[in-house]
Amino acid sequence: MSTPILSIITMGSIAAIFSLIIAIAYRKLKVKVDPRVEEIFSVLPGVNCGACGYPGCQNYAEAVASGAAPPNKCTVGGAEVAALVAKIMGLEAGEVERKVARVLCIGDREKSVWTAGYEGPQTCAAANVAGGAGKACSYGCLGFGDCVKACPFDAIRMNDKGLPVVYEEKCTGCGLCAEACPRDIIVIEPIEKRTYVFCSSHDSPKRSREVCSVSCIACGICVRLSPEGLEMKDNLAIVTDPEKVSDQAIEKCPTKVLFKI
Amino acid sequence: MNLLKEFIKGWWKENPVFVMVLGTCPTLAVTNSVKNAIGMIAAVAFVLLGSSFIVSLIRKIVPNQVRIATFIVVIATFVTMADRYLAAFYPQLSKALGPYVPLIVVNCIILGRQEAFASKNGVLASVLDALGMSIGFGIALMLMGSVREILGSGTWLGMKVFGSWYIPWQVMILPAGAFFVFGFLIWGFNSINKAFAKR
Amino acid sequence: MKESLRIVIVLTVFSILSGGILGWFNKYTEKRVALNNLTALQESLKAVTNMNPKIEAYESVVKEKGFELYKIFSGTETVAYAIVASGNGFQDKIKLIFGVKPDFSRIIDLRILEQKETPGMGAKIETKKYLEQWKGKGADSTLELVKKKPNTKYQVEAITGATVSSTSVLNIVNRALDRARKAIKEAEK
Amino acid sequence: MELLIVFISALLINNFVLHYFLGICPFIGVSNRLDSAISMGMAVTFVMTIASAVSWLIYYLILVPFRVEFLEIVSFILVIASLVQVVEMFIKKASPPLYQALGIYLPLITTNCAILGVALISVLKEYSFIETLVFSLGAGLGFALAITIMAGIREELEFADVPETLKGPGITLITAGILALAFMGFSGLIK
């Protein structure tokens, strides 16, 4: 018998035996799996290269489905896969609209008071531990860009005055920047919500005037003008319903902290 | 999904070796000389193109449980053809590459591209993507091969680069050197990307 | 049931297809590969016995794992023996071939076929300088390694900085010689 | 005695990761946590031994008699892929805790160069069945040893002041280079 026939028989028999084993195993060993894991796994490249730090895509899919892992750890898949996975997870949470990051502080180097220089490690986390790196306001943005480093989509960048700026079209609302910010001034909100009090300081009116020229000094004018849209909580006005915030309240705000982007 | 982007992305932005760190086994193993690197690039390119073409054709009819097994059989067929061809017509190169030609079967790039791309997109896109990835792989291997050969044995493709005053830096041909060169190249690669990203 | 049937059919069909293609493809390359191996063997035989053995001029006496013995003829009379032997080197296997006079008095020449010794040090066993000295070495008793210039035909000079590789080559040759002598005695009985 | 030499050479001298460059992808990817590295090492050793045993049987019982040695690549990888698929299904069903610790690495193993590498190299070196088993055990443990050491080092690296662009694969490879240098010390162990 010539070699090609022999090789066909060999390959055919090996494949037949093993595919039979797989088929039987598949039928007998069926195991119920969370449908979302299947859905995410189908989107992942399936290279099982472990670059995401998880040993294999199946394990990473399970981690994302159970919420233990962020949707963008798959370097091989890059941005498209991350967006897809985020969508699957996002979709799962019910609302359809996209979420974006908002930075609730506009006190950059010029507008806020800095009482000391800082030589320590150039990260917000370290600066925050070292007493706020000389920034008088103990709630405001330190400007060392931990959020920028954390963002895998390059959707947030520091402007020249040391304040992070969010690029809405790139932001997938994954929340990594919010996690990275030691002062928790970044919030993840639906994209439609555009009116905020861009300050997170709970200092007393006197103290907040001293430390920053664009801080919420808890004067209460905006709350009085549109009570349904705003609420004063511990010396800081917070927007509860963006539609109910009247233009008058925005004009009347003495430090121009309440506005619509 | 414009096809040009698929083709170009494999060259630098999503270079399979430096960015996705796939296919590292041959990258480290055969780049002790540029001649071997070229041999490996040709083999991988042939296999990647062939299998991407076939996989994108058959992707609809393969059930999920045997997806990896079937794709691997297709890839292995191409690899065996490449291996037999090299052994027959280029015996020196086949001996130099040794066990690494058959190991292209489990090369993470090829199976990666089949699973991530070819099994989800049309034929033309898959072939273009495979071509792009092969070029990216080629660039990476040529870079690695040249650095290691020039430093390690003072020659490039056999031609003497330095005069006789240069004492070859032996470690570059050794496995340890391969790791160092690859590590530094990735470092350089990331720094360049970061610089571009910043602007 | 249908699903598992599909599994079996798809995988088997593809494997058969691949088996067929490879079988057919192999038919073309097989002859060339065999030819390459044959010419490689003849090259090495010629190199170590500096005779030009035409295809029918040699005969394989012993072919085992790690040891092969060939008898070289010129006309009908045995002109030399060629021994292929391999053993553990510094890093990995070393495979070498050497020619011996029919009466096992002298080694004609020696070539290294395969080695993965450390480049620059152990790898020097492939250089001309090292291989030259093997010509004419005594083959009728065990050879020994010396660090300086050898003065008898049973001494081989080691490569500085690669003593382990040099000793390995020496051990392989000594073991191969003993084995060859035994094989020849049996062949004559 | 011969078996010990084969074992030691696979474990230390020609370590599969640091000398033969096999199994680098998981070596870089999964070596950031010690526990996952150890489980990965065990899973690789476990499948490697079975895979090379089955491959040896196929080679000497089917391929050689039929003189179709060129099929070795296709048949070995087919066996490995199916074996991994079945073992994964079996462990997932039999004991989920074991699957949690070990099974999740199994799909990773099909694309692992080391497994096919062991099978091919043991055929290349014409090892007997016992030698192949010992060789693959040594190779698997060598892989596990290398990846565990690397995981230990990388856990320390988390706190080191590594330049931004060097983090991830870059620093791992340079550390692996130093490890490879250290492992070169084992050469010449066997005369």
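Given the structure is predicted, the values throughout are model-derived calculations rather than measurements. Proteins come first, then strands; the chains are lettered A, B, ... in the order of their sequence lines, and each starts at number 1.
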Flag yes if more than 12 heavy atoms outside [X] fall under 6.0 Å of its [atom1] atom; otherwise flag no.
| X | atom1 | result |
| --- | --- | --- |
| B/F46 | CZ | yes |
| D/E69 | CD | yes |
| B/F7 | CZ | yes |

Can you say whether [X] sits under 4.5 Å from chain B via the side chain, the backbone, both, or neither, judging by heavy atoms?
| X | answer |
| --- | --- |
| D/L116 | both |
| D/Y20 | both |
| D/L71 | neither |

Reported [atom1]-to-[atom2] distance for the pair [X] and [Y], which is rounded to 0.5 angstrom:
| X | Y | atom1 | atom2 | value |
| --- | --- | --- | --- | --- |
| B/L174 | D/H19 | CG | NE2 | 9.5 Å |
| D/L120 | B/Y100 | CG | OH | 11.5 Å |
| D/I24 | B/T27 | CD1 | OG1 | 9.5 Å |
| D/I80 | B/I72 | CD1 | CD1 | 8.5 Å |
| D/I174 | B/F180 | CD1 | CZ | 7.5 Å |
| D/T165 | B/F189 | OG1 | CZ | 12.5 Å |

task = Measure distances from B/V171 to the heavy atoms of chain D and classify the residue's part below 4.5 Å as side chain, backbone, both or neither.
result =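 Contact with chain D: side chain only.
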inquiry  = If we define contacts as heavy-atom pairs under 4.5 Å, which of B/A29, B/G177, B/A69 has the most with chain D?
reply    =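 Heavy-atom pair counts peak at B/A29.
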Chain D interface, residue from B/T77, B/I186, B/L28 that has the most non-hydrogen pairs under 4.5 Å =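 When all of B/T77, B/I186, B/L28 are compared, B/L28 has the most.
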query = Taking all non-hydrogen atoms of both residues, which atom of B/A176 and which atom of D/G177 are closest, and how far apart?
reply = CB-O, 3.6 Å
message = Any non-hydrogen side-chain atom of B/W187 less than 4.5 Å from a side-chain atom of D/P163?
response = yes
task = Please say which of D/L179, D/I178, D/L18 ends up in a side chain to side chain contact (heavy atoms under 4.5 Å, CB included) with B/F179.
result = D/L18
Side chain to side chain contact (heavy atoms under 4.5 Å, CB included) partner of D/I73, the single match among B/V106, B/L103, B/D83 =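 Result for side chain to side chain contact (heavy atoms under 4.5 Å, CB included) with D/I73: B/D83.
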ask   = When heavy-atom pairs shorter than 4.5 Å are enumerated against chain B, which of D/S75, D/A180, D/A182 gives the highest number?
value =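 Most heavy-atom pairs within the cutoff with chain B belong to D/A180.
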